[in-house]
Amino acid sequence: MSKFAKKKDGELPAVSTASLPDIVFMLLFFFMTVTVMKDSSLKVKNELPVASEIKKLEKKDRVITIYVGAPDAQYEKVFGTEPKIQLNDKFSSPSDVGDYILMERAKKSQELQNVLTTSLKVDKNANMGIISDIKLELRKVNALKVNYTTGSGDAFNNLK
Amino acid sequence: MASREEAPKVNAGSMADIAFLLLIFFLVTTTIETDAGLNRMLPGKDSPPPSDVYQRNILPILLNGKDELMVDGEIIDLKDLKDITIAFLDNGGASSESENYCNYCQGNRDVKSSDNPDKAIVSLMSNRETTYGVYITVQNELVAAYNNLRNREAQRLYKIDFTAMEALYDKSETPKAKKDELKMKIRSIQKLYPMKLSEAERQ
């Protein structure tokens, strides 16, 4: 009788899957940290133009977003095909912009109220008329810092 | 003889499945947001219109409802806008005896164009029918023109690009002392080429 039992030959050892949960958890934590939950669902078409000289909007809590674009296909019947402004979850007219900005500003803490940026997410096929109306309203409530939010890329792609 | 009783082990085999489930949920709901863009300051509510500005110090840019671009009375291609703007801003037309003389300008010193970068105003007029995409392209080209000149001066004075300084300043890792230094440098470059962009709407 030999002391060491002979291994059965021809059998591969199974790969240990014990570390699989760890790997999956790692991925999970990555996605959990980078995820940004959408706070409002888009009701307008919102294909942003691109630009090359862009600057990042750093702090999320200092940004108020205004969406502009033609209503989505499901709202076309009621709201038509002309570009509309979306504030929070509803379609609005330019005259509502001022009130909206003041309301959002009041929600922020005192020290942030003077450093807010208004991010304009405008569909690239919208017209300047509606943007001018918004800018006029923004000036009325003294929300002067504006960011034309765009994707990054060659600006001449907008012309196509 | 029974051995000391032990708590039964929980089977951890299904942990991976649970983690996968969560992982897939987050994978599906993730939207990487596009949060970058062109920053712009709007003029105040009742800021007075600039008075007694010489015509030569204004670069009029017109965008009509058909997305055509006219600069200084000529219809031009959008691709040429950046170079025209740079030439206008960097002109430095004031004579070397006058107090407005620009000693860092490298332009043509044309007396019919802007006196110095501090006096030069870019006036952008758009129509209600102008497409937003075209408007952004024009804005982008104007910012590019300013950045081009500012980068040149920053390279000359501090051996670093202006845009690189700005990016460094915005990073939260940069230490406070360095930030103060950068702020001072950025201000000084901005003073050399201040962005004076006036916007109006034309019916």
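Scope of the values below: all heavy atoms of this structure, side chains included, with no hydrogens, waters or symmetry mates. Labels below follow one simple rule: chain letters A, B, ... track the order of the sequence lines, proteins then strands, and each chain is numbered from 1.
Asn147(A) places no side-chain N or O within 3.5 Å of a backbone atom of Arg40(B) that could act as its donor or acceptor partner. Using modelled atom types, one side-chain atom of Thr130(B) and one backbone atom of Asn127(B) make a donor-acceptor pair closer than 3.5 Å. Side-chain atoms of Asp161(B) do not come within 3.5 Å of backbone N or O of Thr163(B) as any donor-acceptor pair.
Separation of the Phe91(A) and Tyr75(A) ring centroids falls under the 6.0 Å cut-off. Between Tyr104(B) and Tyr193(B), the distance separating the two ring centers is shorter than 6.0 angstrom.
Interface remark: Phe20(B) contributes backbone and side-chain atoms alike to the contact with chain A (heavy atom separation under 4.5 Å). The contact between Asn39(B) and chain A is made by backbone and side chain atoms together, counting heavy-atom distances below 4.5 Å. At a 4.5 Å heavy-atom cutoff, the contact between Ile131(A) and chain B is made by side-chain atoms alone. Heavy atoms closer than 4.5 Å to chain B are found nowhere in Asp22(A), neither backbone nor side chain. Contact annotation for Ser52(A): both backbone and side-chain heavy atoms come within less than 4.5 Å of a heavy atom of chain B. If you measure heavy-atom distances from Val68(A) to chain B, you find no contacts under 4.5 Å at all.
Counting heavy-atom pairs closer than 4.5 Å to chain B, the top-ranked of the candidates Phe25(A), Phe30(A), Phe29(A), Phe31(A) is Phe31(A).
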